Amino acid sequence: MAFLLFVVYFMQGVAYSVGSFISQSCLLLFLCIGMYAYFKSLATVSVNPAFVNVWMIFFLMHCFCFILSPKVVYGTLYESIGKVETLDQFKNIAMFSLSFFIAYATARYNYFSQKQILAMGLILLVLSIARYFYQMVERQELLEKEAVTNNMGYLILSVLPCMMLVIKRYKAISIISVLAIICFVIMSSKRGSIVCLIAMLLFSLYYYIKINKLKFKTAVGLFVIAVAMGYVVYYQYASNDYLQERLEKTSEGKQSGRLVAYSTLFEHWAREDNLAKSLFGNGMSQSVGVWGNYAHNDWLELLIDNGLLGVVLYASLFICMNKYIRKSAMSPTQKLAAHLCVIFWFLKTIFSMGYMFNSGAIFLFLFGILVGNYERDKLAYRKTRVPVKYVNA
């Protein structure tokens, strides 16, 4: 049900008006289900993976932060976006985190087959592409120009781990989907999403070679796929003058003011005389008061809003997730998909919004399913001592 609510919620603007009763009702129900799943996971804290418990503390920190913070912040400096309600940021954080707990709590009691995951991935891919075109038209009308950047590149890329998980069993449809993802991410002209795409593809290639003894036939097939994907990337780049212009500006050191924002935010924290604010932060969305806009970097956002505590918890979360995946006995394809989820999330923390990325529910549904299924298998093995054949292998 939560998955259906997510899909209907993100159809706003495409199938019905933005901010309508439908979208708000879906969001409210989704968050209620998410809180139920959160408390259900809290009840099993003694058997949860370490990173799940760290994540619960991380989310709880934001809950208290929202309650104790002013409900309105004004961005009047530098980028000066004006009035910002802290509820908007909290809703995004809640939607992001609770998506994982919904999938995790569900998968611990109900297996998800590869067929179900494929169906989920295809639905989300179609939804992402629909939102891509909606935002493209919206931005073209707003900016009154044809060539625009499209943030939906991140949304579409979120589906990639799903396809990499099922690519072994559903080769044709998965490869076509991956090629479509590559095309749309390049067309989005969003530099951050392109960096994430390249990193995820290179890691997938490295991981596949690492875990497989390449026979000649397999090597040829892999080479053909790599060439095809490389050609798609090159063709999309060569036919996109706007993207070439943006990448040229990047090479010249023009970062849309991001570097100025980063130094301003860090210096604000470093010069803070109040020890409590240095350790626990200034409150939700306070980066807006310092810079005039959100930090677009999770680590600096946390440093300003939640202080050193927020940064330490966040870093611990990534360390524990990586350790969990490496030490788990998941199948190779499961591990690859899990790694891709974490890589995508981590890269997004550096030059965009990670834990505030409400559309992150797309890859967090998958990540939660992988972890939940694996924990269920471990529990079954402890009870019966009979190894479980993974349905997602």
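All values reported here derive from a predicted model rather than from experimental measurement.
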| request: Taking the side chain as every heavy atom from C-beta outward, state whether Phe30 and Ser99 have any pair of such atoms under 4.5 Å apart. | output: yes

| query | If we only count heavy atoms from C-beta on, is the Leu340 to Ser204 side-chain gap below 4.5 Å? | reply | yes

| side chain to side chain donor-acceptor pair (under 3.5 Å) contacts touching residues 52-74 (sequence neighbours left out) | Asn48-Asn53, Trp55-Ser97

| task | Taking the six-membered ring for Trp and the single ring otherwise, decide whether the centroids of Phe365 and Phe6 are under 6.0 Å apart. | result | yes

| task | Assert yes or no for the condition that the ring centre distance of Phe133 to Phe184 is strictly below 6.0 Å. | result | yes

| query | Is any side-chain heavy atom of Leu313 less than 4.5 Å from a side-chain heavy atom of Leu309? | reply | yes

| Is there a side-chain contact between Phe112 and Thr106, using heavy atoms and a 4.5 Å cut-off? | yes

| message | Can you pull out every side chain to side chain donor-acceptor pair (under 3.5 Å) where at least one residue sits in residues 354-365? Sequence neighbours excluded, please. | response | Asn92-Asn358

| Validation row, ring centre Phe367 to ring centre Phe51 under 6.0 Å | yes

| query | Between Tyr38 and Tyr104, is the gap from one ring center to the other below 6.0 Å? | reply | no

| request: Report yes if the side chains of Leu302 and Phe58 come closer than 4.5 Å at any heavy-atom pair, otherwise no. | output: yes

| field | Six-ring centre of Tyr154, Lys348 cation under 6.0 angstrom, axis tolerance 45° | value | yes

| request: Scan for side chain to side chain donor-acceptor pair (under 3.5 Å) pairs involving residues 267-286, sequence neighbours excluded, and state none if there are none. | output: Gln89-Ser285

